[in-house]
Number of protein chains: 6
Amino acid sequence: MFKKIATRLKDWFPAQEVHAHCDGPCGVYDPASARITAEAVLSMTKKILALEVPASGDTAAMVAYNNTLSRYIAIKEEQAQKTKDDLLILWTDYFKPVHLEKYPDLHDTFWKAAKLCSACKVEVSQQHAEELMAAVEKIHNMFWATKDRNVAWYKAS
Amino acid sequence: MFKKIATRLKDWFPAQEVHAHCDGPCGVYDPASARITAEAVLSMTKKILALEVPASGDTAAMVAYNNTLSRYIAIKEEQAQKTKDDLLILWTDYFKPVHLEKYPDLHDTFWKAAKLCSACKVEVSQQHAEELMAAVEKIHNMFWATKDRNVAWYKAS
Amino acid sequence: MFKKIATRLKDWFPAQEVHAHCDGPCGVYDPASARITAEAVLSMTKKILALEVPASGDTAAMVAYNNTLSRYIAIKEEQAQKTKDDLLILWTDYFKPVHLEKYPDLHDTFWKAAKLCSACKVEVSQQHAEELMAAVEKIHNMFWATKDRNVAWYKAS
Amino acid sequence: MFKKIATRLKDWFPAQEVHAHCDGPCGVYDPASARITAEAVLSMTKKILALEVPASGDTAAMVAYNNTLSRYIAIKEEQAQKTKDDLLILWTDYFKPVHLEKYPDLHDTFWKAAKLCSACKVEVSQQHAEELMAAVEKIHNMFWATKDRNVAWYKAS
Amino acid sequence: MFKKIATRLKDWFPAQEVHAHCDGPCGVYDPASARITAEAVLSMTKKILALEVPASGDTAAMVAYNNTLSRYIAIKEEQAQKTKDDLLILWTDYFKPVHLEKYPDLHDTFWKAAKLCSACKVEVSQQHAEELMAAVEKIHNMFWATKDRNVAWYKAS
Amino acid sequence: MFKKIATRLKDWFPAQEVHAHCDGPCGVYDPASARITAEAVLSMTKKILALEVPASGDTAAMVAYNNTLSRYIAIKEEQAQKTKDDLLILWTDYFKPVHLEKYPDLHDTFWKAAKLCSACKVEVSQQHAEELMAAVEKIHNMFWATKDRNVAWYKAS
C-alpha cells in the first residue's frame with residue numbers, strides 16, 4: 001500500500017522529492033473561509049426571494065428596490081465565486097494523493113461543490129444554497145479528519 | 001441613557017431613521033476571516049525569518065531562494081491587507097454607535113489593529129505578527145459578546 | 001504634553017522606535033483620490049434618480065434602461081468602495097497619534113465618513129452622497145492643515 | 001528610412017538603448033485573449049436581447065429573470081473591459097514605432113477598437129458587438145503580419 | 001448507458017432538470033486563454049533561469065537585476081494563477097457528467113494540471129513549466145474533441 | 001471644417017448619432033488620479049535607488065532590506081499600472097474626435113505616456129519617472145483646456 005502511494009507520488013511529482021516545497025501559505029488552510037461566504041450566498045438568496053416589489057406607481061420605492069435587488073445579486077455572485085475559489089484551493093493545494101486513497105470520492109465531492117457554487121450564481125435557489133452549505137460542512141469534516149482535529153462546525157448567522 | 005444614544009443616532013444618521021437599511025451582507029459577519037489571514041501573516045513572517053541563505057556559489061539554490069523569499073513577502077503583504085480589509089468591514093459596517101457606548105475603546109482597538117496590519121507589511125517582525133493575532137482575538141471576543149454568543153477561539157495552524 | 005505623546009507612542013508601537021519605518025507609499029497621500037470617486041458616487045446617484053422609465057410596451061427601450069440602471073448602480077457601488085478604501089488608508093496609514101491629539105474627533109470623522117460610503121451603496125440617496133462630499137472636504141482640510149499647506153478644494157464635475 | 005526610425009527611437013526612449021529591456025511578459029502576446037472576451041461580449045449581448053420578460057404576475061419567474069439579466073449585463077461589462085485591457089496592452093507594449101511606420105492607422109485602429117469596447121458596455125448593441133469582433137480580427141491580422149506568421153482566425157462559439 | 005447517465009444527473013442536480021440553466025458565459029469556452037498564460041509561465045521561468053547576476057560591486061546593475069528578478073517572479077506567479085483559474089473554469093463549468101463517462105481520467109487530468117500551476121509558482125522549474133504546457137495541450141485536445149471540432153494547437157511564442 | 005468633423009464622426013460612429021450615450025462615469029474625469037500614482041512611481045523609484053545594502057554578515061538587516069526592496073518594486077509596479085489605466089481611460093473615454101482635431105498629437109502623447117508607464121515598471125529609472133510626471137502634467141493642461149477651466153497643477157509630495 002505504502003509502495004503504491006510512493007509510486008504514484010513519484011509518477012506525479014518527479015522533481016518534488018528533491019526540493020519538497022509545499023505551496024506558500026501552507027499550514028493555514030481552514031474551510032471556515034468557504035463557510036462564511038457560503039452563508040452569505042444563502043443569506044443573499046433568502047433576501048432576494050423575500051424582497052417585496054413596490055406598487056407600480058411609486059418611483060422612489062422602485063429605484064430603491066432596483067438598487068437593493070441589483071446589489072444582492074452582485075453580492076451573491078461575488079460570494080459564490082469566493083466560495084468556489086476557497087474550496088478549489090483546498091482541492092488543488094491542500095489535498096494530496098494520500099488523501100485520495102482515503103477519500104475515493106474526493107474529486108466528486110469538490111466537483112459537485114464547485115458546480116453548486118455556479119448553480120447559486122445562475123439561479124436564485126434556496127435549495128441549492130442550502131446544498132452548498134451541506135457540501136461545505138462535508139468538506140469541513142473531511143478536512144479536519146485528515147488533521148486528526150475536532151473543530152466544531154458553527155454558523156455565523 | 002437610551003435618550004443619549006437616540007440623540008447621537010439622530011445626530012449621526014439623520015436620514016437613517018426613515019429608511020433603516022443595513023449593509024448588503026449583514027448577518028454573516030465573522031472575525032474568523034481576519035483570523036485566518038492573520039495566521040497566514042504570522043506563518044509567512046516565521047518562514048521568512050527561518051529561510052536559510054544558500055552558499056554564494058550555488059546559482060540554482062540562489063534562484064530558488066529568491067523565488068521563495070519574493071513569494072513569501074508578497075503573500076505576507078496580501079494576507080496583511082486582507083486582514084486589514086476584513087477588520088475594517090467590521091468597524092465600519094458591523095459596529096454601530098450603541099456598541100461604542102459599551103466599548104469606549106472601540107475606535108482605538110481597530111486603529112491599532114489596522115496599524116499593526118501595516119506594520120506587518122512594512123516589517124518582518126514576529127512580535128508585531130503575534131500582536132496582530134492578539135488584536136484579532138480581542139476583536140473576536142468583543143464581536144461575539146455583542147451577539148451574546150460564545151464562539152470558541154481556535155487557530156487553524 | 002510631549003511626554004504624554006511619547007508615552008502613548010511607546011505604549012502603542014513598542015518596536016517602532018528602533019526601526020522607524022513608515023508605510024511604503026508615504027509622502028504621496030492626497031485626499032483628491034477620495035474626492036474624485038465621491039464625486040462619481042454623487043454623479044451616479046443623480047443620474048439614477050433622473051433616469052426615466054420607458055413606456056411598458058417598448059422592449060428595446062426597456063433593455064437599454066435596465067442596462068444603464070444596472071451599470072450606474074454597479075459604478076456607484078465601486079466608486080463608493082474606492083472612496084471608503086482611500087479614506088481608510090489616510091486614517092490607518094497617514095494619521096498618527098500626534099494628529100489625534102490635535103484632532104480629537106479624528107476617529108469619529110473617519111467612522112462617519114466610512115459609514116456614509118456604505119450608506120451611499122445601500123441607498124440611492126442624494127442627501128447622503130452630498131454629505132459624503134462634505135465629509136471628504138472636511139478631511140481634505142484636516143489633512144492639508146497637518147502639512148501646513150494650503151491646497152485649494154475643487155470639483156472635477 | 002532606418003535613420004529616421006532610429007532618430008525617433010532615440011527621441012522617445014533616450015535611456016532605452018543602453019539597457020534594452022522590453023516589458024516583462026514579452027514574447028507571449030496573442031490577440032486570442034481579446035478575441036475570446038469579445039466573443040463573450042457578443043454572446044452576452046445576443047442573450048440579453050433574446051431574454052423573454054415573464055408574465056407580470058409570476059413572481060418566481062420575475063426574480064429568475066432579474067437575476068439572469070443582471071448577471072448578463074455584469075458579464076458583458078467585465079468581458080468588454082478585459083477586451084479593452086488586452087487590446088491596449090498590445091497597443092502600448094507590443095507595437096513599437098517601427099510598426100507605426102508600416103501601419104499609419106495603428107493609433108486610430110486601437111482608439112476605435114477601445115471606444116467600441118466602451119460602447120458595448122454602455123449599450124446593448126449587437127451591431128457594435130459585431131463591429132468589435134471585426135476590429136479584433138483586423139488587429140489579429142495586423143499583429144501576426146508583423147511577426148510574419150500565418151495564424152488562422154477562428155471563433156470558439 | 002443513457003439511463004445510467006440520466007440517473008447520475010438526477011442524483012447530482014435534482015433541481016437542475018426543471019430550470020436547466022448553464023452558466024452565464026457558456027458558448028465561449030476556449031483553452032487558448034490557459035495556453036497563453038501557461039506560455040508566459042514557461043517564458044518567465046526561462047528568463048529567470050537565464051538572468052545573469054551582476055558583479056558584486058556594481059550597485060546600479062544590482063538594483064536593475066533585483067527589479068527584473070522581482071517582476072519576473074511576480075509575473076510568473078500571476079500567470080500561473082490565471083492558468084489555474086482558466087483550467088478550473090473548464091473543469092467546473094464546461095465539463096459535465098456526460099464527459100466524465102467518456103473521459104474517466106477527467107478529474108485526475110485537471111487535478112494534476114492545477115497542481116502543476118502551483119508547482120510553477122513554488123519553484124523555478126523549466127521541467128514543470130513544460131509539463132504544464134503539455135497538460136494544457138492535452139486539455140485542448142480533450143475539449144475540442146467534445147465539440148467535434150478540429151482546432152489546431154499553436155504557440156504564440 | 002465643421003463638415004469635416006461631422007463626416008469623421010459619421011465615419012467612425014455610424015450608430016452613435018442615434019443613441020448618443022457617453023460612458024457611465026462621465027463628468028468626473030480628473031487627471032489628478034494619474035498624477036497621484038505617477039508621484040508614487042517617482043517616490044518609489046527614488047527610494048529604491050537610495051536604499052542602502054546592509055553589511056553582508058547582518059542577516060536581520062538583510063531580511064529587512066529584502067522585504068523593503070521587494071515591496072517598493074511591487075508598489076512601483078502597481079502604481080505605474082494604475083497611472084497607465086487612468087491615462088488610457090482619459091484617452092479612450094474622455095477624448096473625442098473633436099479633440100483630435102484640436103490636438104493632432106493626442107494619440108502620440110498618450111502612446112508615449114503609456115510607454116513611459118511600462119518603462120517605469122521595467123526599469124528603476126528616475127529620469128523616466130520624471131518624464132512620466134511631465135507627460136501627466138502635459139495631459140493635465142490639455143485636459144483642462146478642453147473644458148475651458150484653469151485648474152492649478154500641484155504635487156502632493
Side-chain angles (χ1 to χ4, degrees), chain B residues 37-85 88 114-133, chain F residues 24-25 28 33-34 36-86 117-126 128-129 156-157:
Chain B
T37 49
E39 281 191 69
V41 171
L42 178 56
S43 165
M44 285 298 106
T45 301
K46 284 181 186 169
K47 280 170 186 276
I48 292 168
L49 294 171
L51 264 185
E52 274 181 53
V53 186
S56 62
D58 190 342
T59 313
M62 204 62 207
V63 163
Y65 169 80
N66 280 325
N67 186 61
T68 302
L69 179 61
S70 211
R71 293 183 70 243
Y72 284 0
I73 292 168
I75 294 169
K76 173 169 75 69
E77 187 83 7
E78 181 196 68
Q79 300 294 309
Q81 183 59 46
K82 281 191 182 175
T83 309
K84 199 178 174 185
D85 288 345
L88 290 176
K115 280 185 177 294
L116 276 169
C117 293
S118 297
C120 287
K121 293 160 87 174
V122 171
E123 306 158 15
V124 186
S125 161
Q126 187 168 336
Q127 184 190 331
H128 279 170
E130 280 165 0
E131 284 174 25
L132 178 57
M133 279 302 290
Chain F
V28 202
S33 307
I36 294 167
T37 50
E39 281 190 70
V41 171
L42 178 55
S43 165
M44 286 296 105
T45 301
K46 284 181 187 169
K47 279 171 187 276
I48 291 168
L49 294 171
L51 263 185
E52 274 182 52
V53 186
S56 61
D58 189 343
T59 314
M62 204 63 206
V63 165
Y65 169 79
N66 280 325
N67 186 61
T68 302
L69 179 60
S70 212
R71 294 183 69 241
Y72 284 0
I73 292 168
I75 294 169
K76 172 170 76 69
E77 188 84 7
E78 181 196 67
Q79 299 295 308
Q81 184 59 46
K82 281 191 184 174
T83 309
K84 201 178 173 184
D85 289 345
D86 276 336
C117 294
S118 297
C120 287
K121 292 160 88 173
V122 171
E123 306 159 15
V124 186
S125 161
Q126 186 167 338
H128 280 169
S157 51

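Labels below follow one simple rule: chain letters A, B, ... track the order of the sequence lines, proteins then strands, and each chain is numbered from 1.
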Practice prompt. Only counting residues at least two apart or in another chain, list the ones meeting side-chain contact (heavy atoms from CB on, under 4.5 Å) with A129(F).
Written response: V41(F), L42(F), T45(F), C120(F)
Item to complete: Hey, could you give me the CZ/CD distance between R71(F) and E77(B), rounded to the nearest 0.5 Å?
Response: 4.0 Å
Fill in: Test item: N66(F) side-chain N/O and S70(B) main-chain N/O as donor-acceptor pair under 3.5 Å
no
Worksheet item: Going by heavy atoms in the side chains, are M62(F) and V53(B) under 4.5 Å from each other?
Response: no
Discussion item. Please classify the contact between L49(B) and chain F as side chain, backbone, both or neither, with a heavy-atom cut-off of under 4.5 Å.
Written reply: side chain
Discussion item. Which residue in the set V63(F), L69(F), N67(F) passes side chain to side chain contact (heavy atoms under 4.5 Å, CB included) when paired with I73(B)?
Written reply: N67(F)
